[in-house]
2 protein chains.
Amino acid sequence: MKLTKTAEYALRILIFMAKKPDQLYTAKQLVEELNVSDKYLRRLMTDLSKSGFIRSVQGRDGGYIFTKGTDKIFLFDIVHSVEGMDKLNGCVLGFEKCSCTNPCAMHDTWEHVRDELNKVFRQTSLANMDFEKILRY
Amino acid sequence: MKLTKTAEYALRILIFMAKKPDQLYTAKQLVEELNVSDKYLRRLMTDLSKSGFIRSVQGRDGGYIFTKGTDKIFLFDIVHSVEGMDKLNGCVLGFEKCSCTNPCAMHDTWEHVRDELNKVFRQTSLANMDFEKILRY
DNA sequence: CATAAATACTACCAATAAGTAGCATATAAA
DNA sequence: TTTATATGCTACTTATTGGTAGTATTTATG
């Protein structure tokens with residue numbers, strides 16, 4: 001019951017970048033600040049670029065930079081792109097037939113958790129972070 | 001962001017058994033009702049026995065039965081025993097140093113989710129299930 | 001144009017979770 | 001005491017996630 005490492009990393013990286021959202025960040029810099037292995041981070045950055053949150057600037061003096069305002073990027077979008085929020089929104093007991101009209105024995109109980117989680121992820125953007133708090137490893 | 005299959009299975013099984021909590025259930029019966037592979041379920045049953053929720057009756061006419069009232073078994077205990085609730089209660093960004101006194105940038109936001117989840121898992125026992133809802137696969 | 005400093009891509013390796021197979025053990029009852 | 005019907009244990013296989021290595025590509029600058 002937790003995010004995948006990949007989702008954790010994606011959030012770490014983008015939240016870190018969001019403190020100074022107009023800056024260009026190199027992979028090297030991010031690897032040093034956050035505790036993510038070099039190659040894995042680079043691959044993740046490529047994925048995040050393809051998802052449209054950032055774009056890469058290749059060649060010397062290259063790096064990564066946001067493609068849009070951080071207030072337009074919600075945690076939901078990030079987690080969804082790297083691990084699929086569907087995971088959360090499926091039946092907690094894994095019953096395929098479970099739905100609101102044909103709920104499982106935990107459906108109503110679980111709904112409170114699901115709602116809270118969706119709310120937090122959908123309402124929180126990269127601009128709403130506590131940037132004075134821990135951002136790096 | 002979801003339970004492991006093992007936790008899903010454990011909940012499925014125990015919730016199913018909780019409908020008639022004084023009955024003895026065989027692995028065969030549970031395998032047929034719930035969609036869990038035979039050997040995997042048996043191993044899980046042994047784990048759940050060792051954790052003290054149920055006990056096994058070996059030999060012919062054997063099976064599994066609760067060791068205590070279902071109102072004494074909380075979802076928290078079950079999930080904790082098979083996958084560790086620590087997972088949820090760690091920092092959402094995976095920062096080891098993160099704590100209430102030295103929080104990460106998402107700490108306060110995430111706390112609402114964590115609290116809701118803990119509340120639901122800690123307050124819901126196997127006696128509080130909607131037994132008229134879907135229980136089987 | 002050569003070089004340095006950056007990202008991109010592909011293929012492989014490791015760790016963990018999930019699932020399978022086979023044999024051992026226990027016990028009620030004919 | 002044999003047999004049928006249960007669970008218990010150990011080792012193996014498979015799938016997924018996380019991580020690594022090496023090479024190719026891009027581009028600013030002397």
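A note on names: the letters A, B, ... follow the listed sequences, proteins ahead of strands, and every chain is numbered from 1. Nothing here was measured: the structure is a model prediction, and the numbers come from that model.
- Listed pair B:Tyr9 / C:dG19 meets the phosphate criterion, a side-chain N or O lying under 4.0 Å from OP1 or OP2.
- In this structure, the CZ atom of B:Arg12 is 12 Å from the P atom of C:dA18, given to the nearest Å.
- Looking at which nucleotide of DNA chain D each of A:Gln58 and B:Arg43 is closest to, the 5′-most match is held by B:Arg43.
- Counting non-hydrogen atoms under 4.0 angstrom, B:Lys5 reaches the backbone sugars and phosphates but no base.
- Within the structure, a side-chain polar atom (N or O) of B:Tyr64 is placed less than 4.0 Å from OP1 or OP2 of D:dG8.
- Within the structure, a side-chain polar atom (N or O) of A:Arg42 is placed less than 4.0 Å from OP1 or OP2 of C:dT7.
- Rounding to whole angstrom units, CG of residue A:Asn35 and C1' of D:dG18 are separated by 13 Å.
- For the pair A:Lys39 and A:Gly59, both in contact range of DNA chain D, the more 5′-proximal nearest nucleotide belongs to A:Lys39.
- In this structure, CE of B:Met1 is placed 15 Å from P of D:dT17, rounded to the nearest angstrom.
- Nearest heavy-atom pair across A:Ile134 and B:Asn102 is CD1-O, 3.1 Å.
- Separation of atoms CG (A:Leu11) and CG (A:Leu34) is listed at 11.5 Å; rounding is to 0.5 Å.
- Among the atoms of the strands shown, none is found under 4.0 Å from any heavy atom of A:Ser49.
- Side-chain contact between A:Met17 and A:Thr70 is absent, with no heavy-atom pair separated by less than 4.5 Å.
- Taking atom CG of A:Leu24 as the reference point, atom P of D:dT27 lies 14 Å away to the nearest angstrom.
- Of the charged side-chain nitrogens involved, none lies within less than 4.0 Å of a carboxylate oxygen, so that A:Asp115 and A:Lys119 do not count as a salt-bridged pair.
- Of the possible polar contacts, none joining the B:Glu83 side chain to the B:Ala7 backbone as a donor-acceptor pair under 3.5 Å is found.
- Look at CG on A:Asp47: it is 13 Å from C1' on D:dT17, rounded to the nearest Å.
- Computed from coordinates, the B:Leu48 CG to D:dG8 P distance equals 11 Å when rounded to whole Å.
- Rounded to whole angstrom, the span from the CZ atom of B:Arg55 across to the C1' atom of D:dG8 amounts to 17 Å.
- Phosphate proximity of D:dT20 to A:Ser37: present, with a side-chain N or O under 4.0 Å from OP1 or OP2.
- Atom pair A:Leu41:CG and C:dA8:P shows a separation of 11 Å (rounding to whole Å applied).
- Comparing C:dA29, D:dG18, D:dA28 by their nearest atom to the side chain of A:Tyr40 picks out D:dG18.
- Checked against C:dA29, D:dG18, D:dT27, the side chain of A:Arg60 finds its nearest nucleotide in D:dT27.
- Considering only side-chain atoms of B:Lys87, the nucleotide from C:dA29, D:dT7, C:dA17 that sits closest is C:dA17.
- A close approach under 4.0 Å does not occur between any side-chain nitrogen or oxygen of B:Thr4 and OP1 or OP2 of C:dA17.
- Contact annotation: B:Ser56 side-chain N/O to D:dT7 OP1/OP2 distance is not under 4.0 Å.
- A side-chain donor-acceptor contact under 3.5 Å links A:Ser99 and A:Thr101.
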